[in-house]
2 protein chains.
Amino acid sequence: MNRSRVTVVDIARAAGVSKSTVSLVLQASPLVNEQTRARVNAAIRELGYVYNRGAANLRQTASSKIVGIVVNDLTNSFFAELAVGMDMVMQSAGFVQFLANTGESLDRQREVIASMREHGISGLIISPARGTEAADFKPLTASGVPVVVVVRNVAGAKVSSLLSDNRAGAREATEHLISLGHRRIAFLGGFADTAVSGERMQGYREALSAAGLEADGSLVVNSAPSRAGGVTAIERAMLISGRPTAALCFNDAVAFGVCDGLRARGLEPGRDFGVVGFDDVIEAQTAVPALTTVSVDPQGMGRRAAQMLLKQINSGRVEAEATVASVRLVVRQSCGAKTTTWDGGTSHDTAPGDRSSDTVGTDRRQHDRA
Amino acid sequence: MNRSRVTVVDIARAAGVSKSTVSLVLQASPLVNEQTRARVNAAIRELGYVYNRGAANLRQTASSKIVGIVVNDLTNSFFAELAVGMDMVMQSAGFVQFLANTGESLDRQREVIASMREHGISGLIISPARGTEAADFKPLTASGVPVVVVVRNVAGAKVSSLLSDNRAGAREATEHLISLGHRRIAFLGGFADTAVSGERMQGYREALSAAGLEADGSLVVNSAPSRAGGVTAIERAMLISGRPTAALCFNDAVAFGVCDGLRARGLEPGRDFGVVGFDDVIEAQTAVPALTTVSVDPQGMGRRAAQMLLKQINSGRVEAEATVASVRLVVRQSCGAKTTTWDGGTSHDTAPGDRSSDTVGTDRRQHDRA
DNA sequence: TGACTATTTTGGAACGATCCAATAAATCCT
DNA sequence: AGGATTTATTGGATCGTTCCAAAATAGTCA
């Protein structure tokens with residue numbers, strides 16, 4: 001049934017022109033006469049021609065219109081939303097994306113990057129797996145493929161990055177809990193050896209110290225950065241002598257787990273225990289109690305990362321640009337703040353449709369040498 | 001810095017052989033002498049050669065090692081897990097995947113499919129956006145690209161499909177609620193015009209009728225199939241005269257929203273109101289109360305869909321195969337069933353690591369003419 | 001040694017689109 | 001009408017790989 005592919009030559013023959021003319025039509029060149037253009041387009045439709053990008057990409061001047069996206073845990077809403085944000089701007093820009101999930105495996109990450117490279121991606125956005133080194137991007141950047149690192153930084157890598165201001169966010173969140181009267185505030189979830197966790201914990205400590213509270217780490221409980229991890233973290237936290245009365249969680253997933261764990265022992269999050277998350281995934285708004293969290297606007301972050309990459313692809317320049325997106329605390333109910341009766345949150349809250357990139361506020365941009 | 005690409009010819013020159021020999025080495029052909037192979041491989045490493053798949057794919061016999069995956073809502077855990085399952089088997093098979101999110105937009109869907117086609121995918125897995133018609137796959141299948149439709153069927157499409165037994169699952173879930181003594185059982189969430197929703201609602205009705213209960217649809221409340229939709233659905237359901245005492249929800253996201261909504265009005269899911277979900281996303285296990293739900297095993301489904309596609313790609317035959325995966329009710333706490341004291345769920349529950357495809361149980365397979 | 005296999009290696013012609021230099025056709029200007 | 005311009009069109013050659021037929025080399029046997 002499937003005879004061999006229809007090519008430009010077939011179109012040319014059918015339209016009575018040369019393949020060069022067909023090529024010009026395909027590129028919407030103004031050089032070609034309107035009537036011939038029409039004839040060619042008719043032939044294209046007639047024969048069901050499909051453009052072969054692979055062939056076009058052979059010429060070394062061409063750009064493949066493919067980008068790679070690598071994330072470590074797509075089942076985490078944060079990354080799913082991040083990916084969706086990227087998808088939106090990439091689709092609009094006429095790009096198509098390879099997406100791969102590494103599940104924190106460096107081997108998988110290496111494999112997929114290699115594979116994507118063979119397929120000729122013209123750029124890569126990656127949330128690096130734990131343990132990724134600057135050298136892992138070397139071959140990519142050496143061959144002129146721009147790379148944008150998101151969420152987690154990779155020390156020493158000469159690539160662009162889009163991170164969020166974890167320290168400031170954690171500090172603000174902790175200060176808020178302190179202002180609500182809490183004195184024993186835990187930091188729950190996440191692994192101590194990751195940069196993100198380290199930054200958030202640092203902000204947490206800073207706030208405690210500034211308020212004259214002990215910041216000796218006795219109320220820090222590590223766990224997997226997942227909902228299940230949150231459950232175990234709060235369970236362990238409750239065994240500490242001198243229980244915490246509130247917690248800053250590594251991310252929203254952990255925070256939800258913490259809420260689950262609290263309920264399991266008959267405590268109501270918000271009323272009996274203050275819970276603050278980090279990320280502001282979609283469910284944070286609708287959960288009950290609505291989650292007080294530090295908004296990093298994952299979709300917006302994805303969109304911005306995509307835009308950064310596109311800019312580099314289009315300009316042809318691979319000048320690394322490090323930007324830190326500012327974040328802000330969104331006070332809802334899980335922290336126990338006295339909110340008004342209308343239960344949509346406080347005036348700090350975002351309106352449902354208000355998750356565009358401009359909610360991220362002002363950024364600090366610092367430029368790097370390439 | 002980036003001189004022009006390193007090609008097989010460069011390797012050939014460096015190793016003192018012909019490009020044909022290099023090509024043979026690349027394909028791990030047994031024809032080539034061990035020593036030459038070593039020399040060639042050394043040169044490859046030396047020069048930092050990267051295989052150009054685009055060029056290789058030009059020969060029409062070649063398969064691109066790229067598949068396309070199209071889903072409609074990646075922010076829904078169900079689809080994220082589905083995608084992760086596919087990703088796993090595709091990566092292992094040496095394939096790389098284009099992933100696109102349509103957000104139920106037929107235009108986007110058309111665009112991405114066209115784009116993927118131009119890039120030469122050798123197969124497509126799609127959870128079709130609402131309103132997708134059989135004709136939308138025609139060009140793909142006509143050119144011999146196998147297509148696997150998952151989750152939602154497309155009437156009349158001559159493509160393979162992997163669906164779940166929604167009717168049976170919903171029936172079983174409803175029967176369970178009835179057996180717990182509920183008489184006024186609502187069906188919450190989802191849009192009436194989708195096939196999936198229709199099937200689940202049908203199972204719900206069947207169970208009600210069989211038990212001699214009214215199935216007039218007065219307790220059916222449609223809403224977006226999301227957490228937010230679940231909140232509004234339960235709110236509206238509570239306004240119905242003769243309130244329901246339990247609900248079968250369109251999917252887990254809705255079920256979580258329903259739990260949120262119940263809490264917002266002071267009702268405890270499981271104790272004061274029976275909630276049953278559909279899908280069994282990861283969080284269903286850890287949520288409090290743990291969600292009683294119909295397990296579709298999204299990751300496993302993704303894996304199976306990927307395997308189906310690979311089988312077709314490798315066999316070269318495009319024989320459509322329709323398979324309906326059986327589902328089973330996982331009784332946890334949100335339905336209010338009397339569970340034992342240990343709070344991990346009942347004996348029906350899955351162990352944490354037990355989400356492999358074989359948990360789906362036996363399937364009914366029916367073969368189609370191609 | 002010479003004929004005959006096996007084992008390795010190799011030019012060159014695809015594959016499908018692009019792009020440059022060159023040509024052909026149409027239009028303009030005294 | 002004849003040259004200068006502008007406007008359209010067109011052959012190759014090229015991109016990096018594969019694959020076939022053919023050739024070179026090594027190995028075997030009488």
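Sequence lines set the chain letters: A, B, ... in the order given, protein chains first and strands last, and positions in each chain run from 1. Just so you know, these numbers use all the heavy atoms, side chains as well, and skip hydrogens, waters and symmetry mates.
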Open item on the list: Without decimals, in angstroms, what is the distance between B:Asn52 CG and D:dT14 C1'?
Closed with: 14 Å
Task: No-hydrogen, no-angle side-chain donor-acceptor test under 3.5 Å, B:Ser23 and B:Gln27 - done: yes
- [ ] Check the distance between C:dT10's P and B:Leu31's CG and give it to me in whole angstrom.
- [x] 13 Å
Task: Separation of D:dT9 C1' from A:Arg39 CZ (nearest whole Å) - done: 11 Å
TODO: Under 4.0 Å from any atom of DNA chain C, heavy atoms only: list the residues of residues 110-118 of chain A that qualify, in numerical order.
DONE: none
TODO: Supply the atom-to-atom distance B:Thr323 OG1 to B:Leu163 CG, rounded to the nearest 0.5 angstrom.
DONE: 7.5 Å
Task: For atom CG of A:Leu47 and atom C1' of C:dG16, their distance in whole Å - done: 15 Å
Open item on the list: Checking contacts here: which listed nucleotide (D:dT18, C:dA17, C:dG16) is nearest the side-chain heavy atoms of A:Arg5?
Closed with: C:dG16
TODO: Quick one: pull up CD in B:Glu111 and OG in A:Ser92 and give me the separation to the nearest 0.5 Å.
DONE: 8.0 Å
Task: 5' precedence on DNA chain C between B:Pro30 and A:Arg53 (nearest-nucleotide basis) - done: B:Pro30
Open item on the list: Return whichever of B:Arg37 or A:Thr61 has its heavy-atom-nearest nucleotide of DNA chain C closer to the 5' end.
Closed with: B:Arg37
Open item on the list: Quick check on C:dG16: is either OP1 or OP2 less than 4.0 Å from any side-chain nitrogen or oxygen of A:Thr7?
Closed with: no
Open item on the list: For C:dT9 and B:Thr36 - does any side-chain N or O of the residue sit under 4.0 Å from the phosphate oxygens OP1/OP2?
Closed with: yes
Open item on the list: I'd like to know if B:Ser20 reaches the base of C:dG11 with its side chain, counting only an N/O donor and acceptor under 3.5 Å.
Closed with: yes
Open item on the list: By the 4.0 Å heavy-atom rule, please label A:Val17 as base, sugar-phosphate, or nothing.
Closed with: sugar-phosphate
TODO: Among the candidates C:dT10, C:dC15, C:dA17, find the nucleotide nearest to the side-chain atoms of B:Leu58.
DONE: C:dC15
Open item on the list: Given C:dT10, C:dA17, C:dC15, identify the nucleotide with an atom nearest to the side chain of B:Gln60.
Closed with: C:dC15
Task: Separation between OG1 of B:Thr102 and CG of B:Asp73, rounded to the nearest 0.5 Å - done: 8.5 Å
Open item on the list: If you define the side chain from C-beta out and look only at heavy atoms, does anything of A:Met116 sit under 4.5 Å from B:Val96?
Closed with: yes
TODO: Would you check if the side chain of B:Glu118 reaches a backbone N or O of A:Asn52 as a donor-acceptor pair within less than 3.5 Å?
DONE: no
- [ ] Report the C-alpha distance between A:Ser64 and A:Asn57 in whole Å, list the side-chain angles of each, state the deciding distance to 0.1 Å, and finish with yes or no for side-chain hydrogen bond (donor to acceptor under 3.5 Å, both in side chains).
- [x] CA-CA 6 Å; A:Ser64 69; A:Asn57 291 158; 5.1 Å; no
- [ ] In plain terms, say whether B:Glu104 and B:Arg152 are close enough for a salt bridge, that is, a side-chain N and a carboxylate O under 4.0 Å apart.
- [x] yes
Task: Integer-rounded Å distance: C:dT8 C1' and B:Leu24 CG - done: 9 Å
- [ ] Go through C:dT9, D:dT9, C:dA13 for me and flag the one nearest to the B:Asn33 side chain.
- [x] C:dT9
TODO: Please tell me which of B:Gln27 and B:Ala55 maps to the more 5' nucleotide of DNA chain D, matching each residue to the nucleotide holding its nearest heavy atom.
DONE: B:Ala55
- [ ] Would you mind reading off the distance between A:Arg59 atom CZ and D:dA13 atom C1', rounded to a whole angstrom?
- [x] 8 Å
- [ ] Compare the minimum distances between each of D:dT17, C:dT9, D:dT10 and the side chain of A:Thr21, then state the nucleotide with the smallest one.
- [x] D:dT10
Task: Any A:Ser23 side-chain nitrogen or oxygen under 4.0 Å from OP1 or OP2 of C:dT18 - done: yes
Task: A:Gln35 CD - D:dT9 C1' separation (whole Å) - done: 14 Å
TODO: Send over the distance from A:Asn57 CG to C:dC19 P, rounded to a whole Å.
DONE: 11 Å
